[in-house]
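Beneath this line is the structure, given in structure tokens, with notes to follow.
Quick note: numbers below take in every heavy atom, side chains included, and nothing from hydrogens, waters or symmetry partners. This structure is a prediction, so every number in the text was calculated from the model and none was measured.
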Amino acid sequence: MSEAIATIALAGNPNAGKTTLFNALTGSRQHVGNYPGITVEKKEGFVDMPSGTVRVIDLPGTYSMTAYSQEELVARDFLVKERPQGIINVIDATSLERNLYLTVQFLELGIPVTLALNMVDALESKGIRIDSDRLADLMRLPVVRTVARSGLGVREALQAALTHPRQSWEPLFISYGPDLDPVLGEMTKLISNAGFLADTYPPRWLALKFLENDLVVRQLFEADYELHRRLRDMADEVARHCEKTLKTQPEFLIADYRYGYISSILRQGVLTVMPDLQGRADLSDKIDAVLTHQVAGPAIMLAILYGLFSVTFTLGEIPMGWVETAFAWLAELAGKMPPGLTRSLIIDGIIAGVGGVLGFVPLILIMFLGITFLEDSGYMARMAYMLDRVFRIFGLHGSSVVPFIISGGIPGGCAVPGVMAARTLRSPKEKLATLLTAPFMACGAKVPVFILLAAAFFPEHGARVMFLITLAGWAAALVAAKMMRSTIIRGPSTPFVMELPPYRMPTAMGLVLHTWERGWQYIRKAGTVILAIAVLIWAMMTFPGLPQEIAAPYEAEMAGIQEQLQAETGEAARGELEASLAALERRLKEEALTHSLAGRLGQAIEPVTAWAGFDWRTNIALLGGIAAKEVIVSTLATAHSMSDAENTDFAARIAAAPGWNTSVAVSLMIFVLLYSPCFVTVVAIAREASWGWAAFSVVFNTAFAFALATATYQLGMSMGW
Amino acid sequence: MFFCKTKDTADGVRTLNDLKDGEKAVVRCLSRSQGCHLSKLTAMGITPGTEIEMLSNSGGPLLVLVRSSRLCLCRSLGQAVVVE
């Protein structure tokens, strides 16, 4: 890729259409990663302009530039550290005043801002008129009218940012009134005289942030003890003054003056609102009247979730079959290799392991497509709003629903992005409870286990079993959350406020790109982490090999039968000999598996796991599942295929296998649903909370799951199921 | 001014929680008990002098229309917004 001539950042409020504009600009030439050390997405793309290739960064959506959330910090840090040539501030034109609050903060930082007045097509029906030329004059910056959904004005906005009249950073000066201006001036002088961080931040901006009690900026100043002390004294003094005379804090006084500055601009003929059109309910309100109706709303929500879930499984089955056929064909191809370790590694290790995981890719893509649709259309926020009432009872937040759903609240999700999504919860206690319980959901990697066991023990009732399992996941998560919130993470619920974006039909491009991003993460995991684990588990199930003295008698007997088989011509006798040969081969493989490292490990814990009805083969699979849940089915398959030569359907084999019955199946389903999160999720929890909490989730979840599984198994056995 | 003086928060003062569905009011001030969360309210446009319309107030979180965007906020924050 050719060297970029400039970097332009996209910034703005959530739901202002920033990402749609980004997609319209860059198309598929974009890359999604994470900012180092944190889980905020970093989107980067390239656009060819007449003057050369431009690098475009999509910053996380924010309402302001405080240090209260990771998104805001990321956006701020990017701007001051990487110093892009300019930003395109994407603004929801129908909510101009609120959106400009962030703009003012960019201007105070000094970065050249270009306004993309987005969704101008919706203005007329709302009875709003905006004079963008006048706005450009008054704020002294380029203003471009855009409709990101149709691509209107998008390239013009980028062009305007590239040819911004102001090529250097130049902070805007706003007066903060007689109470703050004097002290702001003094603090600014102190900071600029000291030359403190002069290359990165404008001095007045630092002074403002200091007054706003910005923890990150205050920490920066700790490098200069004397300066910090003097600034702090001044800030404390003015805070006391504001408290006494105005009953306020500088932080809010600053916000007040910013809005004052904005309205003084808007009043000069920029914004005209036709009052007769204002009260008219728009389409979103009409939809909301039904979808968030007190009675109908929750019913519709359940129906939508159930519908999404059935569509995913009905549609997903078809391409899943193709992928399975493809892998079966690959395995057959590999079967032509000479027998030995390499063949076993390829067939039993790689194809069984990775194939088992990739088989779910179509399902997961369809699932993500549905979730992306719910998110982009604006319905997800309504779900959070409706569920808040219920979740609050369990010490959670309405917003916890998003991490729950992504984690597998609708089966097929994944706890890794789910745990990451908990990031948007600003209240630490609810966030922690959400993080720790989200892995209870039926993620896409657990689904195959349920499908397999349902097919084996509850044929004809697959969908019902999946539905019950899903409910069990929710119930466990809520109950465990309540348990934690009334013991180890006790505390009052934290206030929250969020925006319900207007309903919008998601753009096809946005849907495809978001679905692909998430699907690709999953595929990548299959190709790396899971491949490695599959090979490791295969090795553990293969080595150490069977010592000669045990294997020899079997081999001798088998060779004898082979000879008889060659001599024998009678049809019936041949069949009998072949059967006993197969039985011997099975016993040899069983012997080898028992002898392997995994076999020994599985047997070592069997006395305990037997309480819940798990034999040593299941134990191997469950241990592997801690690394990645996808491995459970493939390990079970490998464990049984290694000791079973017949090529019958796997579900039928499990159902017929000794030591398996309905109680074991139910107990195993419960255990798999609830036990330790997979390794990748544990890492994600550690990143969002701490390693201590991550370790807690491994121990607590496993204990919780084992207790429930044991209770179920014992109850089931005593009932004779 | 931004924050409520003591007399503003006396008994009988109306807060966002007291508005009925469809009722409109003007934000008078924010009472200070909620600390830093109020700065989120201001960033999202709930500031003194703003007209606010209650879309749904049925015991759970509040749904309001402010500066032509719909916000959902919990009742403890609603309690902090004094209206007239």
> Which atoms of A/Arg392 come close to chain B, meaning under 4.5 Å heavy atom to heavy atom: side chain ones, backbone ones, both, or neither?
Replying inline: side chain
> So do the side chains of A/Glu499 and A/Arg98 get within less than 4.5 Å of each other, counting heavy atoms only?
Replying inline: yes
>> Heavy-atom pairs under 4.5 Å with chain A - which of B/Gly59, B/Ser69, B/Gly49, B/Ser56 has more of them than the others?
In response: B/Ser69
>> Which atoms of A/Asn99 are under 4.5 Å from chain B, going by heavy atoms: the side chain, the backbone, both sets, or neither?
In response: neither
> What residue among B/Thr15, B/Val27, B/Leu62 forms side-chain contact (heavy atoms from CB on, under 4.5 Å) with B/Val81?
Replying inline: B/Val27
> Do A/Lys431 and A/His397 come close enough that some side-chain heavy atom pair is under 4.5 Å?
Replying inline: no
> Hey, would you say the A/Tyr63 and A/Tyr101 ring centroids sit under 6.0 Å apart?
Replying inline: no
